[in-house]
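Worksheet: one structure, shown below.
Remember, predicted model here, so these are calculated numbers, not experimental data.
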There are 2 protein chains.
Amino acid sequence: MTMEAERTLREEDLTGLAELAAQLRVDSIRCSTQAGSGHPTSSLSAADLLAVLISRHLRYDWSYPGNRANDHLIFSKGHASPLLYAVFRATGAISEQELLETYRQSNSRLQGHPTPVLPWVDTATGSLGQGLPVGVGIALAGRYLDKLPYHVWVLCGDSETAEGSIWEALDKAGHYGLRNLTAIVDVNRFGQRGPTELEWDLDTYRRRVEAFGCHPLVVDGHDLAAIDEVLGRAREATGPTVVLARTVKGKGVPDIENRPDWHGKALEPDRAERAVQALGGVRQIRVAGPRPAAAPPPAPAPAGEAPELPRYEKGAKVATRNAYGDALRALGVRPDVVALDGEVSDSTRADKFGEAYPDRFFEMFIAEQQLVAAAVGLRVRGYRPFAATFAAFLSRAYDFIRMAGISRADIALAGSHAGVEIGPDGPSQMGLEDLAALRAVHGSTVLYPSDAVSCAALVAAMVDREGVSYLRTTRGKYPVLYDNGEDFPIGGSKVVRDGGDVALIGAGVTVHNCLAAADELAREGIDARVVDLYSVKPVDRQRLLDAVRDTGGRLVVVEDHYPQGGLGSAVLESLADLAEPVRVNHLAVRGLPGSGTPAQQMDRAGIGVHAIVSAARAIA
Amino acid sequence: MTMEAERTLREEDLTGLAELAAQLRVDSIRCSTQAGSGHPTSSLSAADLLAVLISRHLRYDWSYPGNRANDHLIFSKGHASPLLYAVFRATGAISEQELLETYRQSNSRLQGHPTPVLPWVDTATGSLGQGLPVGVGIALAGRYLDKLPYHVWVLCGDSETAEGSIWEALDKAGHYGLRNLTAIVDVNRFGQRGPTELEWDLDTYRRRVEAFGCHPLVVDGHDLAAIDEVLGRAREATGPTVVLARTVKGKGVPDIENRPDWHGKALEPDRAERAVQALGGVRQIRVAGPRPAAAPPPAPAPAGEAPELPRYEKGAKVATRNAYGDALRALGVRPDVVALDGEVSDSTRADKFGEAYPDRFFEMFIAEQQLVAAAVGLRVRGYRPFAATFAAFLSRAYDFIRMAGISRADIALAGSHAGVEIGPDGPSQMGLEDLAALRAVHGSTVLYPSDAVSCAALVAAMVDREGVSYLRTTRGKYPVLYDNGEDFPIGGSKVVRDGGDVALIGAGVTVHNCLAAADELAREGIDARVVDLYSVKPVDRQRLLDAVRDTGGRLVVVEDHYPQGGLGSAVLESLADLAEPVRVNHLAVRGLPGSGTPAQQMDRAGIGVHAIVSAARAIA
């Protein structure tokens, strides 16, 4: 079945679309019944929408998902994976056998919710309200960077419009005039446990969408001709569009249609059999929808001059957040590097990049979820995004970071103003759980430099790093410890002072406290080694083993973070399996901080020089 | 200065209000200049709004913040703390001396951003977009539980309307018809680093607010009479109201007015001095605004019958999520217990409470940020909220949980479907970082029961627990291990099988795997102890020390969680300072899971029976 989107639908086209929709329904039922789980009813409601979309509007080269001229198709309602995989089967991307035999099975790429282990999937979905924000990132790339005519189509559930992130996304779509973005909301009026908040109140959806700067297109989601017309209008619109499709959950299977108790349940085999028969049985329709017009240009590449990292005078006081900005600006010679801000670029110092490369700098305002999602979307298009806000406020986007880990998205995050070191602003502004949270993201890298030279080197190392990488920076200025040009491999560490009685292990600001403590301990005749564990994940196990061996297992670990899951845990996890004794005196922020100067805060938290000296004395 | 809100403003009233507004400005400038940091310009823009609010509309007994008939005042824009504290000074709640001498100082209760260490502050703010959602929770209590006429007034910044959480809040305010809630948005058109997205486009704000079901009231935020009128209308409105106040940042100090480069900067002393003089100098106005009318009724109390916990047959297979629902329903005999759902109550089994106590059950739909914020708000009114969703999706609300920790809010959270154990749904639905994230919240409690009896007991223990407590539950059914009525203190653990060669330490689902492994090890002559570490934080250090002593430091820790920051780290952190050797073989989910059956998933992740046996063998 082939159609061209350009001409008007004829009667036989409608028949063909209806046949395809029936196949998508039949296959959604078959694969989920075979698996014994899944969301067939949430697939049935959107089958007509997808039949029209893939036959006549989605310009996609199914044999070459890497074609950069392809449109993008994202299932923000990731639980409708039976429909998505039925689409893949209809296009020939996967076989009927794979669909029926492997859906939701062990080691299958057809997982319960889609992830980019499939080459046609841009981003993992299944945590609702995330596919659309990622689509915004892709559309930003399309309009402002790639300048290609591909269109981003995102299938959303109606339930997920309760997520604030959907409105962050539509707001940014409107703000940036993303005419290349269309959200298709499958308004089937039922969530998991009952009716949605707005049910079929399409008018309220329409007013919300409009107020957020997008163009609403209300349609009967089972009227194939009407769907075709609005999708055509969506592609031609002058701004972002939201198709509000009134649909029936379970559509096509009368005994489960429009019922609240059929969410997330596979049909029993005999009911499935009856439903498939009623839908006209199994079909072998193969869709060849429109293809992208132009020959694709190459992906953005790390071409351009070699970045020249900033240089700092040893001993000069420089804030690592400034070094972040300096290094990011230096990396800007690479045309694939882009930066995003959560309305605090004068604090994170991402503004340095923004001033130098305004065309590759995206202001997301105070919407951290969209900040991270846009980074994921830009990465889908081959860019190397750096997104920054306060370390504390990355917690707002934690679910997005978690999902980016599942997507194996190569994105760089920077969190500034980490720890009690920030001083008077109080605990709401302090990142004191970021190391724990970010370490626990699948495949993540966590870095925490102590000085400007190491910070700049690590920013440069992040640019080609796989997965989610996170850099923690400090508000205040501290002396430069290292020589320009020194090497700071991820997974490495530095011995900044040698000694064999006890090892003081810090990262970031506490390295400076450890050095001062070592001076004081030296006056008492205690010979303290100071280790700068700038790579918190992966951690430098060999350096830790050396420290254990050389000090007889006497370690003091000091971190500007709550005691759970941070630097101390990284050290302990790394040494857990040692047979010899290791005694770790772990200093961390155990109380709830208030205001004060940075020095007062660190002293009160028990991570200052005096506390380190005492802790070392106790075990040395 | 006393006024009654009931009568029309006279000329001398306006003069008095203008004088008060000038005092609030002067004090905001003075305290921030004295501290050398803070946000005076963000305070100046809202001074007129607050002068009218506290003089004529906020019904508050400043001498008795615990008065349950008091209105509520929340600064969602927490950085405007100079203004909030200037208000406290004007009402006599704090002295001029405290304001000037302690703002932002070490050990002061007047922190950079407000927290409930101050008795007039309901919730910590400073992470934007959170005060309004918490206000929604308070207003829910007012309308549906307390049924008292207090009004909730929330001062919001315009920048923070970019946060999706603001729209989650307005949506719920509209849905629940919260006529007792008024958001006052200080539209001063500047964020931290420049203009806001909408600047002074009040019309777009108006349309958004309206579309989300709230009544917009647009006003010149420096016209005292107009402000008075809209605040009066807000109190009398039939639904939630949003005052959209067009204001000027830095208003009242001409050289910094309406300028983008004065965010978050204290005035230099000489500039401050000139500004204070231009504003007419220091005043000693004392406001006595309207007082709450009625004598306050008592707080909700844990009266009623004693809860009778559910009972389970030993060996019967019961999912802990079902036990959560059973226990929560049992606790419902206490009138202070309330429950909240994120549209998955049939999965978390919070629906059991909802069926029994529909009047104390709040559906938040798929808006996890609002879910947690509403719990915090309900707690402000003295209730004991239990909020539940999938463990994975609590990550969506991580910033709110972090801030709840800073607020020291006593809220109970339950995360179901934790770990790879969920089976075919795939990684997006698995909580695999929740233990790390929740442990790192200040003052938190983290519980992970292995069976229905312990789960029910721990739910009962959470109800009066201080701070944020988190219960992790499992999707599948596993045998009941304990006798009904057994004691499960928080901070405790259970030895479910004794043995001295090696200790197998699990929690939740892995306890069952450890038991099966111990059986197998016994056949090989290895005598394995099995410890159920159901209290992940605080952890039972004494039990761990016993295990170290009795096994010669041979421990296997097994968790259905990523390796960072979870159960393994809890054990290691607890034993870090031991002088004797401890060798921990740590089994956790190290790869990225896909789909499969629960048993396949656990085996592939290396946390199944076979892996535990091998790990124990390796060190026993």
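- Options Ala162(B), Ala397(B), Gly594(B) differ in how many heavy-atom pairs under 4.5 Å they form with chain A, and the most are formed by Ala162(B).
- Per-residue counts of heavy-atom pairs under 4.5 Å with chain A were compared for Lys172(B), His39(B), Gln601(B); the largest is that of Lys172(B).
- For the residue pair Arg193(B)/Ser347(A), the side-chain donor-acceptor check at 3.5 Å is not satisfied.
- For Asn107(B), the parts lying under 4.5 angstrom from a heavy atom of chain A are both the backbone and the side chain.
- Contact count versus chain A (heavy atoms, under 4.5 Å) is highest, among His561(B), Arg604(B), Glu160(B), Met403(B), for Arg604(B).
- Gly213(A) and Arg208(B) get closest at one heavy-atom pair: N-NH2, 4.5 Å.
- Looking at Arg207(A), its side chain never comes within 3.5 Å of a backbone N or O of Phe212(B) through a donor-acceptor pair.
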* May I have the step-by-step check of side chain to side chain contact (heavy atoms under 4.5 Å, CB included) for Glu197(B) and Glu363(A), ending in yes or no? => CA-CA 10 Å; Glu197(B) 216 174 351; Glu363(A) 180 56 69; over 6 Å; no
* Check step by step if side chain to side chain donor-acceptor pair (under 3.5 Å) holds for Gln564(A) and Ser569(B). => CA-CA 8 Å; Gln564(A) 297 84 17; Ser569(B) 301; over 6 Å; no
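- Annotation: maximal heavy-atom pairing with chain B below 4.5 Å, among Gly596(A), Ala576(A), Gly426(A), occurs at Ala576(A).
- Across Ala211(A) and Thr204(B), no two heavy atoms sit closer than the pair O-CG2, 3.7 Å.
- Put simply, of His175(A), Arg402(A), Arg554(A), the one with the most heavy-atom pairs under 4.5 Å next to chain B is Arg402(A).
- In this pair, Tyr562(A) and His442(B) present their aromatic rings tilted. The plane angle is within the 30 to 60° band.
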* Any chance you could lay out the side chain to side chain contact (heavy atoms under 4.5 Å, CB included) test for Gln600(A) and Gln105(B), step after step, and finish with the verdict? => CA-CA 10 Å; Gln600(A) 284 170 337; Gln105(B) 302 305 311; 5.8 Å; no
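- Of the atoms belonging to Ala124(B), not a single heavy atom falls under 4.5 Å from chain A.
- Counting all heavy atoms, side chain and backbone alike, Leu592(B) lies closest to Ile406(A) at CD2-O, 3.6 Å.
- Taking Thr125(B), Val344(B), Asn585(B) one by one and counting their heavy-atom pairs under 4.5 Å with chain A, the maximum is reached by Val344(B).
- Remark: the backbone N or O of Asp577(B) is paired with a side-chain donor or acceptor of Arg583(A) at under 3.5 angstrom.
- For the set Met364(A), Arg590(A), Arg408(A), Arg206(A), the entry with the most heavy-atom pairs within less than 4.5 Å of chain B is Arg408(A).
- Contacts of His79(B) with chain A are absent, with no heavy-atom separation under 4.5 Å from either backbone or side chain.
- Rounded to the nearest 0.5 Å, atoms OG1 (Thr161(B)) and CZ (Phe365(A)) are 10.5 Å apart.
- Neither the backbone nor the side chain of Pro133(A) comes within contact range of chain B; no heavy atoms are under 4.5 Å apart.
- Taking both residues in full, the closest heavy atoms of Ala392(A) and Asp399(B) are given as O-OD1, 4.0 Å, listed atom of the first, atom of the second, then distance.
- Looking at Arg439(B) and Glu433(A), no side-chain N of the basic residue comes within less than 4.0 Å of a carboxylate O on the acidic one, giving no salt bridge.
- Here the side chain of His113(B) pairs a donor or acceptor atom with the backbone of Asp425(A) at under 3.5 angstrom.
- For the pair Glu580(A) (side chain) and Pro581(B) (backbone), a donor-acceptor distance under 3.5 Å is absent.
- Of the two parts of Pro114(B), neither the backbone nor the side chain holds a non-hydrogen atom closer than 4.5 Å to a non-hydrogen atom of chain A.
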* Could you walk me through whether Arg396(A) and Arg396(B) pass the side chain to side chain contact (heavy atoms under 4.5 Å, CB included) check? -> CA-CA 7 Å; Arg396(A) 194 62 151 267; Arg396(B) 194 61 152 268; over 6 Å; no
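- A donor-acceptor pair under 3.5 Å is formed between the side chain of Glu343(A) and the backbone N or O of Gln192(B).
- In terms of heavy-atom pairs under 4.5 Å with chain B, the best-connected choice from Leu578(A), Val557(A), Val589(A), Thr196(A) is Leu578(A).
- Checking each of Pro427(A), Ser428(A), Pro593(A) against Gln111(B) for a side-chain contact (heavy atoms from CB on, under 4.5 Å) leaves exactly one that passes, namely Pro427(A).
- At a threshold of 4.5 Å between non-hydrogen side-chain atoms, the residues Phe393(B) and Ser127(A) count as touching.
- A pairwise comparison of heavy atoms in Gly112(A) and Ser595(B) identifies N-OG, 3.0 Å as the closest pair.
- Two residues are said to be in side-chain contact when any heavy atoms from C-beta on lie closer than 4.5 Å; Asp346(B) and His263(A) fail this criterion.
- Aromatic ring centroids of Tyr398(B) and Phe400(A) lie 6.0 Å or more apart.
- Glu163(B) and Ala367(A) make their closest contact through OE1-CA, 4.0 Å (heavy atoms, listed as atom of the first residue, atom of the second, distance).
- Listed for the Glu573(B) side chain is a donor-acceptor partner under 3.5 Å among the backbone atoms of Gly565(A).
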